[in-house]
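In what follows, a single structure is set out as structure tokens and then discussed.
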Amino acid sequence: MPLPFRHITSTKQFTREDTDAVLKVAEKMENVLAKGGSDLLKNKILAALFYEPSTRTRLSFETAMQRLGGQVITADGLQFSSMYKGETIEDTMMVVGQYADIIAMRHPEQGSADRAAAVCPVPFINAGDGPGQHPTQALLDLYTIRKERGSLDGLHIAMVGDLKFGRTVHSLSFLLGLYRDVRFTLIAPKELTMPPKVTSFFKEKNIVFAESENLEQGLGADVIYMTRVQKERFENKEEYERLKLKYVLKADHLRNRKITVLHPLPRVGEIATDVDPLPGAAYFRQVRNGVVMRMALLAMLLGKA
Ligand code: NCD
């Protein structure tokens, strides 16, 4: 089933039918990846435009494209780009759209993805727009949760850390909200609570959620989604220093519990390394799932799956 849209800027675009279709294609891509790849996207070019520091997301997109036999052109860092010379996002899309068959862009400004998609002559994927959205991460998170837990309906999800600036938790909340009886415990310091764009969505959809400042409140959940405090979004560096390690998940918290632990990475201390050997520590499996998910999305948007 082709997706009913050409660009991916936000997880709010997705219905449950859409996510189910994407999950199905991702599952098929597992076999392709296990074989080392295919030539499904031969002669296709992905432009990866990353105007904000990123290694893993860019590498994940590049790996996905190359595993499907496609090629990648990249531009890295605002200072090297023509945006530095004053070119608008719109013009950049018009130009890069003449080089590439599909564009993935990360940009520090919230809303930049919508501006890009509005004019982009080829399929466009938002790879993170400031504190806004990060839809491909949320889709790979969804895929990981289903794979680890067997299903999505009925789950209790705890989200921990910087829920204000963390775009991955915003995007993931909208997707999980499509499933039946999913409930949330949102754990954040009072300075970094989940913004109204997400909590009002929960209220509108009658989705059960509780807010707390206490990590212990999340330990009864099926899934605990840890996040990094987003240093780059703070104006006040002292506030960042004070909040950065407010929550540290340790193996001791997880004894005798069957919790799946996720993190979009990079972690900077929020999950102690003694959690890594536990069976529920799924954050490195999550990285591999990112490749199959991005293979699926690239193939679908290019009309090949
Ligand atoms: C996340 C991001 O960029 O929002 N990381 C990622 O996609 N690999 C999370 C983060 O940077 O904390």
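All heavy atoms count here, side chains included; hydrogens, waters and symmetry mates do not.
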[X] side chain vs [Y] backbone, donor-acceptor pair below 3.5 Å:
{"X": "His107", "Y": "Ala127", "answer": "no"}
{"X": "Glu241", "Y": "Lys237", "answer": "no"}
{"X": "Arg257", "Y": "His253", "answer": "yes"}
{"X": "Arg294", "Y": "Leu140", "answer": "no"}
{"X": "Asp101", "Y": "Ile45", "answer": "yes"}
{"X": "Thr11", "Y": "Ser171", "answer": "yes"}
{"X": "Asn236", "Y": "Glu239", "answer": "yes"}

In terms of relative ring orientation, are Phe209 and Phe202 parallel, tilted or perpendicular, with 30° and 60° separating the classes? tilted
Where do [X] and [Y] come nearest, in terms of heavy atoms and distance?
{"X": "Met93", "Y": "Pro121", "result": "O-CD, 3.6 Å"}
{"X": "Ala251", "Y": "Val275", "result": "N-CG2, 3.5 Å"}
{"X": "Met65", "Y": "Gln71", "result": "CG-O, 3.6 Å"}
{"X": "Gly218", "Y": "Ile259", "result": "O-CD1, 4.5 Å"}
{"X": "Glu270", "Y": "Arg267", "result": "OE1-CA, 3.2 Å"}
{"X": "Glu87", "Y": "Thr92", "result": "OE1-OG1, 2.8 Å"}

Derivation of the side-chain contact (heavy atoms from CB on, under 4.5 Å) call for Ile103 and Leu49: CA-CA 7 Å; Ile103 298 175; Leu49 309 180; 3.9 Å; yes
Rounded distance [0.5 Å steps], [atom1] in [X] versus [atom2] in [Y]:
{"X": "Leu186", "Y": "Glu211", "atom1": "CG", "atom2": "CD", "answer": "5.5 Å"}
{"X": "Ser112", "Y": "Ile89", "atom1": "OG", "atom2": "CD1", "answer": "5.0 Å"}
{"X": "Met226", "Y": "Leu265", "atom1": "CE", "atom2": "CG", "answer": "12.0 Å"}
{"X": "Met94", "Y": "Thr88", "atom1": "CE", "atom2": "OG1", "answer": "10.0 Å"}
{"X": "Glu148", "Y": "Arg285", "atom1": "CD", "atom2": "CZ", "answer": "4.0 Å"}
{"X": "Met300", "Y": "Leu298", "atom1": "CE", "atom2": "CG", "answer": "11.5 Å"}

Please determine whether side-chain contact (heavy atoms from CB on, under 4.5 Å) holds for the pair Val32 and Arg67, giving the CA-CA distance in whole Å, both sets of side-chain angles, and the decisive distance to 0.1 Å. CA-CA 8 Å; Val32 178; Arg67 291 287 184 193; over 6 Å; no
[X] [atom1]: over 12 foreign heavy atoms closer than 6.0 Å:
{"X": "Phe284", "atom1": "CZ", "value": "yes"}
{"X": "Lys197", "atom1": "NZ", "value": "yes"}
{"X": "Arg58", "atom1": "CZ", "value": "yes"}
{"X": "Lys147", "atom1": "NZ", "value": "yes"}
{"X": "Arg288", "atom1": "CZ", "value": "no"}

Compare all side-chain heavy atoms of [X] with those of [Y] and state whether any distance is below 4.5 angstrom.
{"X": "Leu175", "Y": "Thr19", "value": "yes"}
{"X": "Tyr225", "Y": "Ile145", "value": "no"}
{"X": "Arg106", "Y": "His134", "value": "yes"}
{"X": "Asp222", "Y": "Val182", "value": "no"}
{"X": "Thr193", "Y": "Leu163", "value": "no"}
{"X": "Asp129", "Y": "Gln133", "value": "yes"}
{"X": "Val229", "Y": "Leu192", "value": "yes"}
{"X": "Met159", "Y": "Thr227", "value": "no"}

Salt bridge or not for [X] and [Y], using N-O below 4.0 Å?
{"X": "Arg167", "Y": "Glu52", "result": "yes"}
{"X": "Lys24", "Y": "Asp20", "result": "no"}
{"X": "Glu213", "Y": "Lys190", "result": "no"}

Could you verify whether a donor N or O on one side chain and an acceptor N or O on the other, from Glu204 and Ser200, lie under 3.5 Å apart?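 Result is no, nothing qualifies.
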Phe174 ring center near Phe14 ring center (under 6.0 Å): no
So Val268 and Lys244, side-chain contact (heavy atoms from CB on, under 4.5 Å) or not? Walk me through it. CA-CA 9 Å; Val268 286; Lys244 68 178 182 188; over 6 Å; no
Set of residues satisfying salt bridge (charged side-chain N to carboxylate O under 4.0 Å, His left out) with respect to Arg56, sequence neighbours excluded: none
Among the clusters formed by ILVMFWY side chains lying less than 4.5 Å apart, do [X] and [Y] turn up in the same one?
{"X": "Val223", "Y": "Met194", "result": "yes"}
{"X": "Tyr51", "Y": "Phe165", "result": "no"}
{"X": "Leu41", "Y": "Leu33", "result": "yes"}
{"X": "Leu3", "Y": "Leu302", "result": "yes"}
{"X": "Leu172", "Y": "Leu249", "result": "no"}

Mind jotting down which residue pairs meet the salt bridge (charged side-chain N to carboxylate O under 4.0 Å, His left out) criterion with at least one end in residues 170-189? Sequence neighbours excluded, please.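 Residue pairs with at least one partner in residues 170-189: Asp153-Arg180.
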Among Val291, Leu297, Ile102, Ile125, side chain to side chain contact (heavy atoms under 4.5 Å, CB included) partner for Phe61: Ile125
Check Val169, Val198, Ile157, Val208 against Phe184 for a side chain to side chain contact (heavy atoms under 4.5 Å, CB included) and give me the one that passes.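 Among Val169, Val198, Ile157, Val208, the one meeting side chain to side chain contact (heavy atoms under 4.5 Å, CB included) with Phe184 is Ile157.
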Please assess Tyr143 against Glu30 for the test side-chain hydrogen bond (donor to acceptor under 3.5 Å, both in side chains), listing each intermediate value before the final yes or no. CA-CA 12 Å; Tyr143 182 70; Glu30 294 267 5; 2.5 Å; yes
In sequence, state the C-alpha distance, the side-chain angles, and the governing distance for Thr144 and Asn289, and then conclude on side-chain hydrogen bond (donor to acceptor under 3.5 Å, both in side chains). CA-CA 7 Å; Thr144 304; Asn289 294 338; 2.9 Å; yes
Going through the checks in order, is the side-chain hydrogen bond (donor to acceptor under 3.5 Å, both in side chains) test met by Thr9 and Asp114? CA-CA 6 Å; Thr9 59; Asp114 290 322; 3.3 Å; yes
Intermediate values then yes/no, side-chain contact (heavy atoms from CB on, under 4.5 Å), Leu68 and Gln66: CA-CA 5 Å; Leu68 290 175; Gln66 296 198 15; over 6 Å; no
